[in-house]
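A short write-up of the structure that comes next.
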Protein chains: 2
Amino acid sequence: MDLEESSQDGRRRGGAATRERILDAAAELFYAAGIRSTSADRIIESVGITKVTFYRHFRTKDELVVAYLERRAAWERGAVAQAREGHDAVEALRAIASGIGEASCRPGFRGCPFINAAAEYPDTEHPVRLVVDSHRRWTHDAFLDLAAKAGVADAPAVAGQLMMLRDGAMVSGYLGDPEAVAEALAGAYLAVIQAGHRPDEGGRRG
Amino acid sequence: MDLEESSQDGRRRGGAATRERILDAAAELFYAAGIRSTSADRIIESVGITKVTFYRHFRTKDELVVAYLERRAAWERGAVAQAREGHDAVEALRAIASGIGEASCRPGFRGCPFINAAAEYPDTEHPVRLVVDSHRRWTHDAFLDLAAKAGVADAPAVAGQLMMLRDGAMVSGYLGDPEAVAEALAGAYLAVIQAGHRPDEGGRRG
DNA sequence: GGCTATAGTGTTACTAGTACGTCTACCTGA
DNA sequence: TCAGGTAGACGTACTAGTAACACTATAGCC
């Protein structure tokens with residue numbers, strides 16, 4: 001039912017829907033299997049279209065990779081915005097921590113798509129890396145804002161620590177114990193924020 | 001000169017030296033360019049041997065990948081042991097933090113080879129992932145021991161946080177600001193240890 | 001010295017599959 | 001009409017891995 005419907009949808013609504021179907025399949029496969037080891041042919045087969053159709057929507061595979069990461073970045077920005085909505089900084093961090101914790105426990109969780117992509121694309125000038133960098137800058141700025149709102153002495157330093165914890169939590173959720181992520185991350189967030197209120201201990205040292 | 005000498009060395013001392021040369025080249029290329037995008041041919045060319053010689057030392061490319069990671073794991077275990085030598089737990093964490101900070105600043109730093117490898121190998125039963133898991137378990141145990149020696153209330157929880165921070169620091173050193181890693185990591189280590197002494201704040205919550 | 005065994009490497013050519021991307025030609029529904 | 005679809009062969013390059021056969025340096029032995 002669903003399959004048929006979305007296929008008809010693809011025909012009726014034309015290009016935009018097909019593009020979305022390609023992106024859906026790409027997101028699933030790239031994330032699950034890695035980018036380099038997911039061939040364009042594999043995606044094409046999975047969507048059930050032809051090579052020509054695929055290459056009419058995305059001129060190269062890299063262009064699709066970029067689109068995949070950009071869509072994911074937009075989604076994450078929304079999730080962070082939602083976690084912050086109507087909360088103070090500490091509550092927002094708690095919400096972010098439990099969001100990451102929940103994601104870690106979902107079947108098929110494979111860590112952060114951006115970290116994973118960067119592992120596969122060493123060239124810092126590559127379009128894929130530019131998307132990764134841009135999303136990481138945005139995330140870092142969000143943490144910077146939260147650190148400042150939490151009233152720590154050295155907000156940039158604490159923002160770096162919050163970012164570190166986020167990254168580490170994504171890795172731990174993938175390669176470690178997913179069940180423990182939410183609590184450990186929330187506790188660590190709190191710990192660095194609190195240490196940030198006592199400049200001698202958590203911030204810079206001699 | 002060097003080339004000639006090591007080539008003669010390879011002949012005189014037989015297989016072990018050639019195997020090492022293959023491993024050296026593989027380590028450099030796998031780490032710098034990623035594993036999947038480094039072909040066996042590329043390694044073979046870089047070492048200056050033939051396909052046949054290569055496959056006489058490593059039956060498959062995966063076998064080489066495993067050997068690469070195992071050698072790297074041994075090196076890291078040595079580095080951690082050295083950081084702990086003659087220090088108490090907190091000093092050891094400081095030494096580990098500055099070690100990671102220094103590594104981050106070295107040109108060509110591309111993060112943690114194990115995290116990167118895991119990004120490219122989704123199958124948890126794959127030999128590569130088994131090496132990754134085994135090394136991560138060892139690292140976690142080392143942190144657990146340090147947390148216990150630091151006298152925190154809930155050592156397993158704090159060990160998870162230390163591990164998170166280590167992973168995040170490796171990512172930050174690659175994709176963020178390498179200069180800031182050492183200090184941020186040392187501060188965060190301290191923060192979670194200190195919070196671990198006040199069970200209500202850093203540990204479990206309601 | 002001369003013989004042989006052995007281990008390691010070299011050369012060349014090969015299989016067979018996969019990768020990305022292009023090409024021509026035709027179909028369909030608004 | 002025409003955008004967007006189908007079908008699938010094709011080009012070119014790379015991928016991992018194998019087969020058959022020749023060469024060389026060392027070591028032990030008569």
Side-chain angles (χ1 to χ4, degrees), chain A residues 3-26 29-30 33-68 117 120-123 126-128, chain B residues 3-26 29-30 33-68 117 120-123 126-128:
Chain A
L3 262 173
E4 214 172 332
E5 196 175 9
S6 74
S7 160
Q8 285 188 350
D9 212 52
R11 273 187 199 162
R12 271 201 203 119
R13 303 246 285 262
T18 304
R19 195 188 146 92
E20 280 306 298
R21 283 199 298 145
I22 296 171
L23 263 172
D24 288 344
L29 292 168
F30 282 156
I35 297 172
R36 295 223 112 100
S37 63
T38 299
S39 67
D41 283 347
R42 178 78 191 73
I43 293 163
I44 287 161
E45 184 200 358
S46 150
V47 180
I49 53 174
T50 62
K51 255 168 158 15
V52 176
T53 301
F54 176 89
Y55 281 105
R56 270 209 272 261
H57 286 283
F58 300 95
R59 269 168 43 213
T60 63
K61 182 189 169 184
D62 277 352
E63 204 172 290
L64 173 62
V65 177
V66 166
Y68 148 63
E120 297 197 65
Y121 287 82
D123 176 7
H126 193 285
V128 165
Chain B
L3 263 173
E4 216 171 330
E5 197 174 8
S6 74
S7 161
Q8 285 188 351
D9 211 53
R11 274 187 198 164
R12 268 199 206 123
R13 303 243 287 258
T18 303
R19 195 189 148 91
E20 279 305 298
R21 285 197 297 144
I22 295 172
L23 263 172
D24 288 344
L29 293 168
F30 282 154
I35 296 172
R36 292 225 117 97
S37 63
T38 299
S39 66
D41 283 349
R42 177 77 191 76
I43 294 163
I44 287 161
E45 184 199 0
S46 149
V47 179
I49 53 174
T50 62
K51 247 175 155 39
V52 177
T53 301
F54 174 89
Y55 280 103
R56 275 208 269 258
H57 286 281
F58 299 95
R59 267 166 45 210
T60 63
K61 183 189 168 184
D62 277 351
E63 204 173 292
L64 173 62
V65 177
V66 166
Y68 149 62
E120 297 197 64
Y121 287 82
D123 176 8
H126 192 287
V128 164

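Throughout, a chain's letter reflects where its sequence line sits, starting with A, and its residues are numbered from 1. Values in this document were obtained by computation on a predicted structure and should not be read as measured data.
- Nucleotide D:dT15 holds its P atom 14 Å from the CD atom of B:Glu120, rounded to whole Å.
- In terms of heavy-atom proximity, B:Ala67 sits nearest to B:Arg19 at CB-NH2, 4.2 Å.
- For B:Lys51 against D:dG17, a side-chain N or O and a base N or O form a donor-acceptor pair under 3.5 Å.
- Taking only side-chain atoms of A:Thr53, from C-beta outward, the nucleotide of D:dT6, C:dG21, C:dG10 with the closest atom is D:dT6.
- In this structure, A:Asp41 places its CG atom 15 Å from P of C:dG17, rounding to the nearest Å.
- A sub-4.0 Å separation between OP1 or OP2 of D:dG5 and a side-chain N or O of A:Thr18 is present.
- Residue A:Leu29 contributes atom CG, which lies 12 Å from atom P of C:dA19 at whole-angstrom precision.
- Applying the 4.0 Å criterion to OP1 and OP2 of D:dA7, one finds that A:Thr50 has every side-chain N and O outside that range.
- Out of C:dG10, C:dC20, D:dA7, the shortest distance to the side chain of A:Val52 is found at D:dA7.
- Between A:Ile49 and B:Ser39, the one whose closest nucleotide on DNA chain D sits nearer the 5' end is A:Ile49.
- At whole-Å resolution of the value, CD1 in B:Ile43 and P in D:dC14 are 16 Å apart.
- Atoms NZ and CZ, on B:Lys61 and B:Arg36 in that order, are 7.0 Å from each other to the nearest 0.5 Å.
- The distance from atom NE2 of B:His126 to atom CD of B:Glu120, rounded to the nearest 0.5 Å, is 11.0 Å.
- Side-chain contact between A:Ile43 and A:Phe58 is absent, with no heavy atoms from C-beta onward closer than 4.5 Å.
- Taking only distance into account, the side chain of A:Arg56 meets the base of D:dG5 through a donor-acceptor pair shorter than 3.5 Å.
- The CD1 atom of A:Ile44 sits 13 Å away from the C1' atom of D:dT6 (whole-angstrom rounding).
- Atom CD of A:Glu63 and atom P of C:dC20 are 15 Å apart (whole Å).
- For the pair B:Glu45 CD and D:dC14 C1', the interatomic distance rounds to 13 Å; values are reported in whole Å.
- The interatomic distance linking A:Arg59 (CZ) with C:dT22 (C1') rounds to 14 Å, in whole Å.
- The OG1 atom of A:Thr18 lies 4.5 Å from the NE2 atom of A:His57; values are rounded to the nearest 0.5 Å.
- Note on A:His57: a side-chain N or O is less than 4.0 Å away from OP1 or OP2 of D:dG5.
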